[in-house]
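To keep things clear, I will list the structure first and then write my remarks on it.
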Amino acid sequence: MTDNKIPYKIYLEEQEMPKAWYNLRADMINKPAPLLNPETMQPMTAEELGQVFCDELVAQELDETNPYIEIPEEIRDFYKMYRPSPLVRAYCLEEKLQTPAKIYYKFEGNNTSGSHKLNSAIAQAYYAKKQGLKGVTTETGAGQWGTALSMACSYFGLDCKVFMVKVSYEQKPFRREVMRTYGAYVTPSPSMETEVGKKILMEHPGTTGSLGCAISEAVETAGKLDGYRYVLGSVLNQVLLHQTIIGLETKAALDKYNIKPDMIIGCAGGGSNLGGLIAPFAGEKIRGEADYQLIAVEPESCPSLTRGKYAYDYCDTGKVCPLSKMYTLGSGFIPASSHAGGLRYHGMSSVVSQLYADGLMEARTVKQTEVFKAAQEFARVEGILPAPESSHAIKVAIDEAMKCKETGEEKTIVFGLTGTGYFDLYAYQKFNDGVMEDFCPSDEDIAASLAKLPVIE
Ligand SMILES: *Cc1c(COP(=O)(O)O)cnc(C)c1O
């Protein structure tokens, strides 16, 4: 069954691991728009950003000229614990589908936090430590980011305060225990520990929380404590930059066997894994060296690229964070409580947004029940229990492979398998019991939310 020239898993040697991240913005012809200060509506300066993020990360956030940014040795040493991650040829899935397509996936779930988020968490923790900070604060919804950051902080001896959306805190108690094992201090949000939290609890006593509210609590806490900064696990340029390790390794592994992909597929929440996976390929496309079909997959319940508007918007519900020009559904948009928690963000990274606006990338939406069907099909033959978020990419990869079966085309498909689903068994239970539902926001709901976008002169 296996093509004896290409192994089931393509591993790179440790010394073949990339030594620099790739800054796609340096090659982009139309640069993503700058972040705006919510008070002045002017581009955020390095000084203003420095009050929120640590200095090296501010430099990375603003850098649109250097194509390569060296990965410090301390970070590479940590990466070596779980990287290079394998690029797997999905021989068993191909066989099951009886498709002439060749399918590969880059698996990022081989670490305790169970997702790609550790790639940026370790970088952010490293720069915070280097600057002599005491600790960091953050929010977590589904829990993957909080877990990754807890691991990174314990490694560098930093304090880590996580505000976890209350409903997740209660539904995923074991995620919380992993974080506590790594020394993080986890608070269900909204809480009585912040002014924002108290206000929300007074206004909505029974609330189960939201990501927007948890962000506001984490930002407030970082501002009140000396030597603390707020960190974010997606959306920002710096996060996309760190995640390019995924795409660079993928490209190196493909090059090793002279494989040229036709399409590259990734799920998109805030856009960090997708942006990181496609970056080196998008760079070649922009420079006119090669052509690839690049596909973002988002949930039908939160369709920022496919049904949102490309405009400046707030990154959080509390409107305290800078504004970003992105495809957005509006900062007040509350998506239905789907089971892919990591894909429930109202906006999208500005890099991914600009690529999409320039026609360099496509986007598709998929229904939740179809995603779980694809997840089940994948798990049964490839063995890995995928995260619901990652399964969005699986669904489109399978769709594309089935199209090849009709046309007889032998396309090479690569997709990002961002994580494992061991903490999502409540969702799998609903699917297995046949009681999972699909949610599609109405045009009126989206229009009403977009009507509240800020007006920028
Ligand atoms: C957070 C998360 C995502 C989505 O985040 P992006 O920033 O869009 O990559 C996807 N998959 C998993 C497993 C996640 O934890």
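Numbering of ligands and ligand atoms starts at 1, following listing order.
- The part of L343 lying near ligand 1 is the side chain, judged by heavy-atom distances below 4.0 Å.
- Ligand 1 has an N or O atom lying under 3.5 Å from an N or O atom of G271, backbone or side chain.
- Remark: the backbone N or O of L93 is paired with a side-chain donor or acceptor of E382 at under 3.5 angstrom.
- Only the side chain of K117 comes within contact range of ligand 1, with a heavy atom under 4.0 Å; no backbone atom does.
- Heavy-atom proximity to E389, at under 4.0 Å, picks out these atoms of ligand 1: 10 (C), 11 (N), 12 (C).
- In summary, the side chains of Q243 and N273 do not present any donor paired with an acceptor at a separation below 3.5 Å, with no hydrogens or angles considered.
- Atoms of ligand 1 lying under 4.0 Å from at least one heavy atom of G269, given by number and element, are 8 (O).
- Neither side chain, Y79 nor N119, offers a donor N or O lying under 3.5 Å from an acceptor on the other.
- Looking at E108 against ligand 1, nothing comes within 4.0 Å, counting heavy atoms.
- Between E94 and the choices K102, K411, R89, the salt bridge (Lys or Arg N to Asp or Glu O under 4.0 Å) rule is met once, by R89.
- The protein heavy atom nearest to atom 7 (O) of ligand 1 is S234 OG, 2.5 Å.
- Every atom of ligand 1 is numbered from 1 in the order shown, and the set under 4.0 Å from a heavy atom of C267 is 10 (C).
- Residue S272 touches ligand 1 through backbone and side chain together, judged by heavy-atom distances below 4.0 Å.
- Atom CZ of R176 is separated from atom OG1 of T147 by 12.0 Å, given to the nearest 0.5 angstrom.
- Scanning the protein heavy atoms around atom 5 (O) of ligand 1, the nearest turns out to be G342 O, 3.9 Å.
- Considering both main-chain and side-chain atoms, G270 comes within under 3.5 Å of ligand 1 through a nitrogen or oxygen pair.
- The backbone N or O of Y292 lies less than 3.5 Å from a partner atom in the side chain of K285, making a donor-acceptor pair.
- Annotation: S390 places no N or O atom under 3.5 Å from an N or O atom of ligand 1; distance criterion only.
- Looking at atom 13 (C) of ligand 1, its nearest protein heavy atom turns out to be T418 OG1, 3.3 Å.
- Under the 3.5 Å distance criterion, with hydrogens and angles disregarded, no donor-acceptor pair is assigned to the side chains of Q354 and S350.
- Less than 4.0 angstrom separates some heavy atom of S115 from each of these atoms of ligand 1: 13 (C), 15 (O).
- Using a non-hydrogen distance threshold of 4.0 Å, H116 registers as a contact of ligand 1.
- By the neighbour-count criterion of 12 heavy atoms within 6.0 Å, atom OH of Y185 is sparsely surrounded, having that number or fewer from other residues, nucleotides or ligands.
- A donor atom on one side chain and an acceptor atom on the other are not found under 3.5 Å apart for K325 and S353.
- If you check the side chains of S234 and W145, you find no donor sitting under 3.5 Å from an acceptor.
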